[in-house]
2 protein chains.
Amino acid sequence: MILEKKKTFNAFAARQGLRSTRQRDIILDVFLATHEHLSVEELYLKVKASQPGIGQATVYRTLKLFVEAGLAREMMLPDGQTRYEHQLVGEHHDHLICTGCNAIIEFEDEQIEQLQRDIAKRHGFSLTAHKMQLFGLCPACSSKA
Amino acid sequence: MILEKKKTFNAFAARQGLRSTRQRDIILDVFLATHEHLSVEELYLKVKASQPGIGQATVYRTLKLFVEAGLAREMMLPDGQTRYEHQLVGEHHDHLICTGCNAIIEFEDEQIEQLQRDIAKRHGFSLTAHKMQLFGLCPACSSKA
DNA sequence: CAAGTTATTGAAAGTCGTTTTCAAAAGACC
DNA sequence: GGTCTTTTGAAAACGACTTTCAATAACTTG
Ligand SMILES: [Mn+2]
Ligand SMILES: [Mn+2]
Ligand SMILES: [Zn+2]
Ligand SMILES: [Zn+2]
């Protein structure tokens, strides 16, 4: 699975005439080893553990390549940092976010997706993407408050 | 209606012990005269037309007060600028955005809202807010492409 | 309404995430 | 290896916003 994603990226790189570098390999390994919604800074710190000399700019640049290659998705939470998460082909989910502890729960709701398509259609729009985030307090944070 | 909103703000200001200033009056007037989703910069330029000496920081500060007072809502589009729009008590809408011409269409969908509440409930969350934006091409932009 | 107190203001500096610049280093191809 | 390009890291630049601070304006009180 991880191997498959590496192949996806290598194929993308070849297609784009990108060179294969040690830095991109490490960043890809670190990214694929995570299962969260990490900010560039967080990723950068993890990457530096494997390879101290690596530059922040390279991490920024490389994550954008992952998005182009289709294996990462960019997301913005209200904290003003861009975060990246794995993107599986043909899959999509939205987020339920605890404003107390920043926990993120992923969900899919085909009914909502359909209603969204209906709304777009009603206005003659050709829909290309959407963003939906629900904010509240998770059970633990609710009981604390 | 505009008068009523001014009263809302004055009541808020009184409650908070805020002073009534010429700057806040002008910014409120300009804000209430708009019907779009304006960035701070756009608002600032409009405000400067009425009152050239006014500072950008004052516009930033004042718009936050409007949000606290409940008469404005803050929104973020992917362009990285905070925008403000009118907020009517008890009303809510989401946005359908054309990525071609940046047109914004507002919509409400009680079915989706209900499904969102269901999702939150299913995860034991107490929902406090949500953000939903649909992206695509409006009819005009679709036909161009 | 003058004096005293405190909030507000505008300009400029600071912050923070991100992007760009640029010279050195590394990859690709011969 | 030699040549041509891409990539890299450090540092500077950027852009939206926030903070600082001294001057000014709004209330309060006598
Ligand atoms: Mn996710
Ligand atoms: Mn709106
Ligand atoms: Zn929580
Ligand atoms: Zn359009």
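No hydrogens, no waters, no symmetry mates; every other heavy atom, side chains included, goes into these values. Below, chains carry the letters A, B, ... as their sequence lines are ordered, and counting in each starts from 1.
Over its full length, the helix from C:dC1-D:dG30 to C:dC30-D:dG1 turns its helical axis through 30°, comparing axes from the five pairs at each end and rounding to 10°.
Between B:Gln16 atom CD and C:dA7 atom C1' there is a gap of 14 Å when expressed in whole angstrom units. Whole-Å rounding puts the B:Leu63 CG to D:dC17 P distance at 10 Å.
The side chain to side chain contact (heavy atoms under 4.5 Å, CB included) test applied to B:Glu91 returns B:Leu88, not counting sequence neighbours. Listed by chain and residue number, A:Arg117 satisfy the side chain to side chain donor-acceptor pair (under 3.5 Å) test with A:Glu110 (two or more places apart in sequence, or in another chain). Evaluation of the ring pair (Phe, Tyr, Trp, His ring centres under 6.0 Å) rule for B:Phe66 yields B:Phe9, B:Phe31 as partners, not counting sequence neighbours. With sequence neighbours excluded, no residue forms a side chain to side chain donor-acceptor pair (under 3.5 Å) with B:Thr8.
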Sequence-aligned protein contact record of nucleotides 22-27 of chain D, with B where the base is within under 4.0 Å of a protein heavy atom and S where only the sugar-phosphate is: ---BBS

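Pairs engaging residues 43-60 of chain A under the side-chain hydrogen bond (donor to acceptor under 3.5 Å, both in side chains) rule: A:Glu41-A:Gln56 [sequence neighbours left out]. Every pair passing ring pair (Phe, Tyr, Trp, His ring centres under 6.0 Å) that includes a residue from residues 118-145 of chain B is listed here, sequence neighbours excluded: B:His92-B:His130. Pairs engaging residues 11-37 of chain B under the side-chain hydrogen bond (donor to acceptor under 3.5 Å, both in side chains) rule: B:Lys6-B:Asp29, B:His37-B:Glu85, B:His37-B:His95, B:His37-B:Glu106 [sequence neighbours left out].
Taking 4.0 angstrom as the limit, B:Lys64 places none of its side-chain polar atoms (N or O) nearer than this to OP1 or OP2 of D:dC17.
Side chain of A:Glu74 to main chain of A:Lys64: no donor-acceptor pair is present (N/O by atom type, distance under 3.5 Å, no hydrogens or angles).
Grouping Ile, Leu, Val, Met, Phe, Trp and Tyr by side-chain contacts under 4.5 Å, direct or through others, leaves B:Met1 on its own.
Enclosure of atom CD in A:Gln111 is not indicated, since only 12 or fewer non-hydrogen atoms of other residues, nucleotides or ligands lie within 6.0 angstrom.
Looking only at side-chain heavy atoms (C-beta outward), A:Leu127 and B:Leu137 stay at 4.5 Å or farther from each other.
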Measure all distances between protein nitrogen or oxygen atoms and nitrogen or oxygen atoms of nucleotides 14-17 of chain C, and list the pairs falling under 3.5 Å.
none

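For the atom pair CG of A:Asp94 and CD1 of A:Ile104, the computed distance is 12.0 Å after rounding to the nearest 0.5 Å.
The residue from B:Val40, B:Leu38, B:Leu28 that alone fulfils the side-chain contact (heavy atoms from CB on, under 4.5 Å) condition with B:Leu63 is B:Val40.
The stretch residues 24-59 of chain A comes close to DNA chain C through A:Ala57, each having a heavy atom under 4.0 Å from the strand.
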